[in-house]
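Worksheet: one structure, shown below.
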Amino acid sequence: MPLHPTTVLIVWLLAVIGIQSAGYAVLGGLGAVLLAAGTARRWAGYLWRARWLLLSLWLILAYHTPGEALLDSAWMPTWEGIAEAGLHAARLVAMLGCLAWLFARLGRDELVSGLWGLLRPLRALRIDSERLVVRLALVLENLQQKPEKGAWKRMLAGGAEFAGGPDVLRLALPHWAARDTLAVAAAGLALAGMVML
């Protein structure tokens with residue numbers, strides 16, 4: 001039986017939070033789980049699209065972290081920078097894998113339902129969560145579409161034509177089951193374990 005869409009979002013959110021303090025062993029285990037979940041192709045696509053971000057992150061951290069220079073050369077990155085850059089790049093790769101898992105598990109309609117369930121408690125604070133859900137759903141849907149070559153130049157020039165979103169968003173509200181509670185509890189325990197390691 002599939003999990004409730006809100007459960008999937010909570011598990012994803014806890015995984016992303018846990019990744020921030022994870023080491024290589026935890027990241028490797030998480031990567032194996034994500035690959036076993038069938039996210040390899042989508043994950044590889046996200047990595048390809050983020051290749052310049054990964055390279056920039058690695059270079060900035062490798063060259064701007066103080067420490068002992070590689071090969072005792074002033075123009076080389078530091079050993080400490082290389083270690084820090086590698087770990088942060090691995091964390092970003094794992095976060096992209098979690099995003100691939102999220103989009104593999106939830107279609108647009110399930111994503112909207114999950115977001116609505118996650119943000120529903122905000123209604124008690126008189127926050128219009130419905131508008132927020134629709135906007136977040138449209139942003140996340142646009143992230144899944146490959147941009148045209150040179151679209152960023154047209155956007156900066158003010159001549160970009162934005163594709164309209166769907167006219168109707170379907171909101172299906174499945175019942176919360178015991179397996180959803182167990183999945184959230186297991187994800188919470190995994191997050192606590194990641195933070196303590």
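Bear in mind that the values here come from a model prediction, so they are computed numbers and not experimental data. We count residues from 1, following the sequence as given.
Nearest heavy-atom pair, Y24 versus G86, reported as atom, atom and distance to 0.1 Å: OH-C, 3.0 Å. The two residues W43 and A94 make their nearest non-hydrogen contact at CZ2-CA, 4.3 Å. The shortest non-hydrogen separation linking L35 to A40 is CD2-CB, 3.8 Å.
The shortest side-chain heavy-atom distance between R179 and H4 does not fall under the 4.5 Å cut-off. At a threshold of 4.5 Å between non-hydrogen side-chain atoms, the residues W12 and L99 count as touching. Counting heavy atoms from C-beta outward, L30 and C98 have side chains that approach closer than 4.5 Å. The closest side-chain heavy-atom distance from L54 to L47 is below 4.5 Å. Contact of the W101 side chain with the V33 side chain is not registered, since no non-hydrogen atoms from C-beta on lie closer than 4.5 Å.
Judged as a side chain to side chain donor-acceptor pair (under 3.5 Å), the pairs with a partner in residues 86-95 (not counting sequence neighbours) are, in order, E84-H88.
Side chain of R105 to main chain of P5: no donor-acceptor pair is present (N/O by atom type, distance under 3.5 Å, no hydrogens or angles). Not a single donor-acceptor pair under 3.5 Å links the side chain of W176 to the backbone N or O of T7. Between the E80 side chain and the E68 main chain, a donor and an acceptor come within less than 3.5 Å of each other. One N or O on the side chain of T39 and one on the backbone of L34 form a donor-acceptor pair closer than 3.5 Å. For R123 (side chain) and R120 (main-chain N/O), no donor-acceptor pair under 3.5 Å exists by modelled atom type.
Relative ring orientation between Y46 and F103 is described as perpendicular, the plane-to-plane angle rising above 60° on a 0-90° scale split at 30° and 60°.
Under the 4.5 Å side-chain heavy-atom criterion for grouping Ile, Leu, Val, Met, Phe, Trp and Tyr, L189 is not connected to I19 through any hydrophobic cluster. By the rule that hydrophobic residues join a cluster once side-chain heavy atoms approach within less than 4.5 Å of another member, I60 and V93 end up as members of separate clusters. Two different hydrophobic clusters hold L92 and W48 under the rule that ILVMFWY side chains link at heavy-atom gaps under 4.5 Å.
Atom CG of L106 and atom OG of S113 lie 9.0 Å apart (nearest 0.5 Å). To the nearest 0.5 angstrom, L115 atom CG is 8.0 Å from T6 atom OG1. W52 CH2 to L59 CG: the interatomic distance, rounded to the nearest 0.5 Å, is 10.0 Å. Atoms CE and CD1, on M76 and I82 in that order, are 7.0 Å from each other to the nearest 0.5 Å. Of the inter-residue distances, the one linking L14 atom CG with L9 atom CG reads 11.0 Å to the nearest 0.5 angstrom. Rounding to the nearest 0.5 Å gives a distance of 6.5 Å between CG of L87 and CG of L27.
Checked against side chain to side chain contact (heavy atoms under 4.5 Å, CB included), L182 has no partners two or more places apart in sequence or in another chain.
The environment of R131 atom CZ is sparse: at most 12 non-hydrogen atoms of other residues, nucleotides or ligands sit within 6.0 angstrom.
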